2 protein chains.
Amino acid sequence: MARPPRFDTGQLLDAAVRLAADGGPAAVTMAAVAQAVGAPSGSVYHRFAGRTALLAEVWLRTTEHFQEGCTAALGSDPDPVRAACATARYVVAWSRAHPEEAAVLLYGARDFGRAEWSAEHTARAESGNTRLFAAVAALAEALGATDDPARERLTLALVDLPMSLVRRHVRGGRPLPPYAEDLTEQCTAALLRDMHAV
Amino acid sequence: MARPPRFDTGQLLDAAVRLAADGGPAAVTMAAVAQAVGAPSGSVYHRFAGRTALLAEVWLRTTEHFQEGCTAALGSDPDPVRAACATARYVVAWSRAHPEEAAVLLYGARDFGRAEWSAEHTARAESGNTRLFAAVAALAEALGATDDPARERLTLALVDLPMSLVRRHVRGGRPLPPYAEDLTEQCTAALLRDMHAV
DNA sequence: CCTGTATTAGAGGCCTCTCTCTAAAACAGT
DNA sequence: ACTGTTTTAGAGAGAGGCCTCTAATACAGG
């Protein structure tokens with residue numbers, strides 16, 4: 001009933017992610033994406049309302065992809081310490097498997113123009129965040145982390161520390177070393193072990 | 001013997017840092033900097049060879065400012081564990097005192113156009129890095145961190161973990177909580193304490 | 001006061017990017 | 001074959017940013 005598409009949304013987003021990974025969000029221009037897949041600029045505008053929408057989709061698809069497995073890992077084990085370690089491992093393993101998307105994740109939503117997003121895109125971002133926060137909060141309660149510093153320490157151990165390890169290597173353009181997952185898990189365990197002692 | 005300057009280099013860099021802090025490196029345009037201080041664009045070009053040079057100076061002045069106190073903190077105490085904790089505290093305290101520069105530091109040199117820097121700027125960046133690496137390496141040896149994973153764990157404890165804490169708040173636009181320094185020091189201590197146990 | 005120099009002042013060219021608009025193309029169903 | 005719909009295809013306007021260039025300006029020293 002209609003002409004078949006030569007360039008679909010996923011293909012364009014893939015190209016945009018690649019551009020963002022090795023050039024930062026500023027390198028994601030409509031012209032660059034079009035050229036990367038060999039399409040005229042009109043085809044990109046047919047899929048996305050504008051550059052703002054494209055950047056929002058790049059960010060949202062990547063974070064949602066990441067958060068999907070992350071929330072799963074957070075609830076993967078009845079023992080909260082083991083669940084935390086599994087989550088930390090997941091962050092590193094996911095980044096190893098998806099280095100370009102990991103490079104996107106090292107930026108923030110603001111770098112992808114969050115201030116100008118549509119209400120729909122903003123809502124999607126908040127929805128994903130609240131779901132992840134809920135899973136972290138549940139784990140925090142299971143670990144007895146009741147006050148703000150303790151909750152923040154948990155977040156550091158779960159997400160920020162693994163991401164830092166990833167950042168150090170991805171930003172340098174090198175692949176993650178083989179011991180990355182083990183190192184991350186040890187650090188996370190160390191941060192959780194001493195939490196009750198203080 | 002000459003007309004006195006109305007806009008000096010430091011003033012222009014201050015404006016550029018402010019723009020970068022709340023708009024990312026992309027917001028640092030020659031026109032924006034000129035407008036921010038009320039100067040014509042020609043005055044900006046009189047101080048900087050071009051946008052590439054301006055971005056490089058923004059990054060280098062900020063990192064050098066940060067590294068100055070950082071290397072001092074690394075050698076501030078003969079006991080390596082105490083020196084490490086002092087360094088971690090310094091990272092947070094410096095960010096609290098200089099929130100705009102801290103926001104710049106959360107990006108990377110690549111985001112400030114490192115690929116197009118002059119040889120001179122690149123050399124300055126490497127010089128600062130090697131000095132800092134040397135101080136970290138000395139501390140690593142004092143702590144018995146000989147292999148790659150142990151050295152990386154030390155770097156995480158010293159710099160990356162404090163920076164993560166800063167990132168979480170600065171990126172959200174909020175000030176650092178009062179307990180930030182204490183929390184950071186506890187986390188750093190926990191990571192170092194268990195290092196020998198593994 | 002006169003001269004030399006560093007700086008301001010801003011107009012204007014060039015380039016890139018965003019976005020719009022029109023026309024053509026390719027296919028499914030009748 | 002015809003129709004309707006989606007998509008490609010690409011030209012072109014408008015805006016903004018980088019950079020250059022020339023003229024004017026303000027001061028120090030003789």
Side-chain angles (χ1 to χ4, degrees), chain A residues 1-20 22-59 107 111-118 120-121, chain B residues 1-59 107 110-118 120-121:
Chain A
M1 191 182 178
R3 175 175 181 171
R6 280 187 56 197
F7 314 101
D8 67 351
T9 306
Q11 190 181 354
L12 295 175
L13 285 178
D14 290 342
V17 166
R18 208 170 310 128
L19 287 166
D22 51 51
V28 183
T29 69
M30 301 301 262
V33 171
Q35 196 190 359
V37 302
S41 68
S43 294
V44 184
Y45 280 94
H46 184 68
R47 303 286 177 183
F48 303 97
R51 186 173 182 251
T52 299
L54 170 64
L55 287 176
E57 295 281 356
V58 167
W59 176 257
Y107 288 94
D111 299 311
F112 285 84
R114 175 174 207 166
E116 297 148 21
W117 286 0
S118 69
E120 214 170 298
H121 283 141
Chain B
M1 190 181 178
R3 175 176 181 173
R6 278 188 58 199
F7 314 102
D8 66 353
T9 306
Q11 190 181 354
L12 296 175
L13 285 178
D14 289 343
V17 165
R18 208 171 308 127
L19 287 166
D22 51 50
V28 184
T29 69
M30 300 302 262
V33 170
Q35 197 190 0
V37 302
S41 68
S43 293
V44 184
Y45 280 95
H46 185 67
R47 303 285 177 184
F48 302 98
R51 187 175 182 249
T52 299
L54 170 64
L55 287 176
E57 295 280 355
V58 167
W59 176 256
Y107 288 94
R110 216 197 46 186
D111 299 312
F112 285 84
R114 176 175 205 164
E116 297 148 21
W117 286 1
S118 68
E120 215 171 297
H121 284 141

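In what follows, chains are A, B, ... by sequence order, proteins preceding strands, each numbered from 1. Small disclaimer: the values here were computed from a predicted structure and weren't measured.
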Is there a side-chain contact between B:Phe48 and B:Val33 in this structure, where contact means two heavy atoms from C-beta onward sitting under 4.5 Å apart?
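Result no, sub-4.5 Å side-chain heavy-atom pair not found.
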Do B:Val28 and B:Val17 have side chains that get closer than 4.5 Å, going by heavy atoms?
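B:Val28 does not reach B:Val17 side chain to side chain.
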I need the [atom1]-[atom2] distance between [X] and [N], as an integer number of Å.
X: B:Arg51; N: C:dC14; atom1: CZ; atom2: P; result: 22 Å
X: A:His46; N: C:dT22; atom1: NE2; atom2: P; result: 17 Å
X: A:Met30; N: D:dG12; atom1: CE; atom2: P; result: 21 Å
X: A:Glu116; N: C:dT18; atom1: CD; atom2: C1'; result: 13 Å
X: B:Asp8; N: C:dA6; atom1: CG; atom2: P; result: 17 Å
X: B:Tyr45; N: C:dA11; atom1: OH; atom2: C1'; result: 14 Å
X: B:Gln35; N: D:dG16; atom1: CD; atom2: P; result: 12 Å

Would you say the base of D:dT7 and the side-chain of A:Arg3 have a donor-acceptor pair closer than 3.5 Å?
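Under the 3.5 Å cut-off, the side chain and the base do form a donor-acceptor pair.
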Interatomic distance, [X] atom [atom1] to [Y] atom [atom2] [nearest 0.5 angstrom]:
X: B:Arg110; Y: B:Trp117; atom1: CZ; atom2: CH2; value: 12.5 Å
X: A:Gln11; Y: A:Arg6; atom1: CD; atom2: CZ; value: 9.0 Å
X: A:Leu12; Y: A:Leu54; atom1: CG; atom2: CG; value: 8.0 Å

How is A:Pro40 classified with respect to the nucleic acid when contacts are heavy atoms under 4.0 Å: base, sugar-phosphate, or nothing?
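Since a base atom lies under 4.0 Å of A:Pro40, the category is base.
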[options]: which one has an atom nearest the side-chain heavy atoms of [X]?
X: A:Thr29; options: C:dT18, D:dT8, D:dC19; result: C:dT18
X: A:Arg47; options: D:dT7, D:dC18, C:dA26; result: D:dT7
X: A:Ser43; options: D:dT8, C:dT18, C:dT8; result: D:dT8

Return no unless some side-chain N or O of B:Arg6 is found under 4.0 Å from OP1 or OP2 of D:dA26.
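Answer is no, no contact under 4.0 Å.
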Pairwise 5' ranking along DNA chain D for A:Ala39 and B:Ser41, keeping only the more 5' one
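Nearest-nucleotide comparison on DNA chain D picks A:Ala39.
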